[in-house]
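These notes are about the structure you will find just below.
Predicted, not measured: the structure shown is a model, and the values here were computed from it.
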Amino acid sequence: GAGMFATSLGPDDACFVAGANWHKNSGLMCVWGQVCAVQKEFIEATKTDECAYGIIGRGIWYFVHHTPIHLWGGGPRWGY
């Protein structure tokens, strides 16, 4: 969702920032380096599978977009 960004720094490097908003220096860089590069590959593979109507990709991204628990942000912690 909004506020989460995976930025590529090359084929074997990246950084992932969560909790970002319109305020300067907001967000937390929680994953970086090769671990984030693997995370990027996982996101790409599952999104591609979802677009091809694969059951794994659709299941993962359905859960991502329909999880009723919000760990940060201005909204309620539970529900919508």
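Using the six-membered ring where Trp is involved, H66 and Y62 have ring planes that are parallel, under 30° apart on the 30 and 60° scheme.
Of the inter-residue distances, the one linking D13 atom CG with T7 atom OG1 reads 11.0 Å to the nearest 0.5 angstrom. Between the NE2 atom of H65 and the CD1 atom of I60 there is a distance of 11.5 Å, given to the nearest 0.5 Å. Remark: E41 CD to T46 OG1 distance equals 11.0 Å, nearest 0.5 Å. Distance check: F16 CZ to F5 CZ gives 9.5 Å after rounding to the nearest 0.5 Å. Once rounded to the nearest 0.5 Å, the distance linking CD of Q39 with CD of E44 reads 13.0 Å.
Taking hydrophobic clusters as Ile, Leu, Val, Met, Phe, Trp and Tyr residues chained together by side-chain heavy-atom distances below 4.5 Å, F42 shares a cluster with I55.
No option in I56, I43, D49 other than I43 meets the side-chain contact (heavy atoms from CB on, under 4.5 Å) test with W61.
C15 approaches C36 most closely through the heavy-atom pair C-SG, 3.5 Å.
Checking side-chain atoms of S8 against main-chain N and O of A14 turns up no donor-acceptor pair under 3.5 Å.
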